[in-house]
There are 2 protein chains.
Amino acid sequence: MARSKSAYEIDDIDRKILRLLREDAHLTTQEIADKVGLSQTPCWSRIKRLEDQGVIAGYVALLNPERIGKPMSVIIEINLDMHDDEKIENFSRHLAQLPEVTDAYLTTGEYDYVIMAAVEDTEDYEQFLRKRLLKFPGIRHAKSTFCLRRLKRDPSPSV
Amino acid sequence: MARSKSAYEIDDIDRKILRLLREDAHLTTQEIADKVGLSQTPCWSRIKRLEDQGVIAGYVALLNPERIGKPMSVIIEINLDMHDDEKIENFSRHLAQLPEVTDAYLTTGEYDYVIMAAVEDTEDYEQFLRKRLLKFPGIRHAKSTFCLRRLKRDPSPSV
DNA sequence: GATGAAAACTTTATAAG
DNA sequence: CTTATAAAGTTTTCATC
């Protein structure tokens, strides 16, 4: 039996569309259609389908960290004392809810968590670390690494 | 002398607007106006100003990493052999240009660089590491940390 | 800042080839 | 898939308070 195109398959034209929208969501469907070699109608249907299927999760404005008073990025590697499920889930929820935290991952290897925080300056960072992050019970160790320069930050992986 | 409002100052209403657009760029100016307590015209002027001043750097679609075949995230901490300016600049450019690399930072502390890569699977990661990242001359050490779960990833810091 | 209005443009939907 | 068309919605601009 020949394999028919599944509803969830992404073809080369879809990928081209995603590549464009990943960089600039303000392109019109007509502009995208021109760039990918389609007419407006099927191009619009494809974008709609990619949204409905959750391939496109949403659209956001990108803010300039310097201009909104959060020029400093810090990477924090964290170890917990205990590793029972409840502890992990609680701390994970705690992290996700802190506004300074922009990224948080549960990881393999030397540390349990790797997170990133955006703050105003070193003083702001100290406050965050002592009064908000380390207030959570059961943190064995936290290692901070300061970012000197951001070379790249893509909101989505390349397609 | 009383400090007048600078062209580059952001007030509370601006911040409210940014908070909304940071999460959903498909809100209409009318919806934003309603939520922040302005009418459409001044709300539109503010958004335009924030764009012109570079506070809003752009608008992008967020893609679901799982759905575009890049479900795996790896954090890589890197040390170079030498640390002369040219080496740093060259390697920085190299990193920024690799499509697998979503994030790259020059850092203080134990490592020179901390980067993040999005890949399909372990095999894809091995190819990236050996054939693309470590092909660059002068890498002393690279430590990979695999992400088990993504708890949070905000494209922009909180306002 | 608010309101109202108008023009230009975009999205969304439909029909026919 | 294409072209063509059209209604609805949105952005952008402008005049007036």
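Lettering of chains follows the sequences in order, A, B, ..., and the numbering in each one begins at 1.
- A donor-acceptor contact closer than 3.5 angstrom is absent between the side chains of T145(A) and Y105(B).
- Two residues, T41(B) and S45(A), neighbour DNA chain D, and the one matched to the more 5' nucleotide by heavy-atom proximity is S45(A).
- Contact annotation: T29(A) side-chain N/O to dT10(C) OP1/OP2 distance is not under 4.0 Å.
- Taking the six-membered ring for Trp and thresholds of 30 and 60 degrees, H141(B) and Y111(B) have nearly parallel ring planes, at less than 30 degrees apart.
- In this structure, the CG atom of D34(A) is 15 Å from the C1' atom of dC9(C), given to the nearest Å.
- Taking the side chain of Q40(B) as heavy atoms from C-beta on, and the options dT12(C), dT11(D), dG1(C), the nearest nucleotide is dT11(D).
- In the set dC1(D), dT12(D), dT3(C), dT3(C) carries the atom at the smallest distance from any side-chain atom of S39(B).
- With contacts defined as side-chain heavy-atom distances shorter than 4.5 Å, the pair I88(A)/Y113(A) qualifies.
- Ring geometry, Y59(A) versus H26(B): the interplanar angle falls under 30°, so the pair is classed parallel (tilted spans 30 to 60°).
- The interatomic distance linking L27(A) (CG) with dT11(C) (C1') rounds to 15 Å, in whole Å.
- Taking the side chain of P42(B) as heavy atoms from C-beta on, and the options dG1(C), dA2(C), dC1(D), the nearest nucleotide is dA2(C).
- With dT11(C), dT13(D), dG1(C) as the candidates, the nucleotide lying closest to the side chain of W44(B) is dT13(D).
- Comment: D52(B) does not engage R49(B) in a salt bridge, judged by the lack of any side-chain N to carboxylate O separation of less than 4.0 angstrom.
- Remark: C1' of dT10(C) and CD1 of I32(A) are 12 Å apart, rounded to the nearest angstrom.
- For I13(A) and dC1(D), the CD1 to P distance is 7 Å, given to the nearest whole Å.
- Within the nucleic acid shown, T28(A) comes within 4.0 Å of sugar-phosphate atoms alone, with no base atom in reach, counting heavy atoms only.
- R46(B) has its CZ atom 18 Å from the P atom of dT13(D), to the nearest Å.
- One interatomic measurement links the two molecules: CZ of R49(A) to P of dT12(C), which rounds to 16 Å at whole-angstrom precision.
- Rounded to whole Å, the distance from CD on Q30(B) to P on dT12(D) is 14 Å.
- Positionally, the nearest nucleotide of DNA chain D for L38(A) lies more toward the 5' end than for the other of E51(B) and L38(A).
- Residue D12(B) contributes atom CG, which lies 12 Å from atom P of dG1(C) at whole-angstrom precision.
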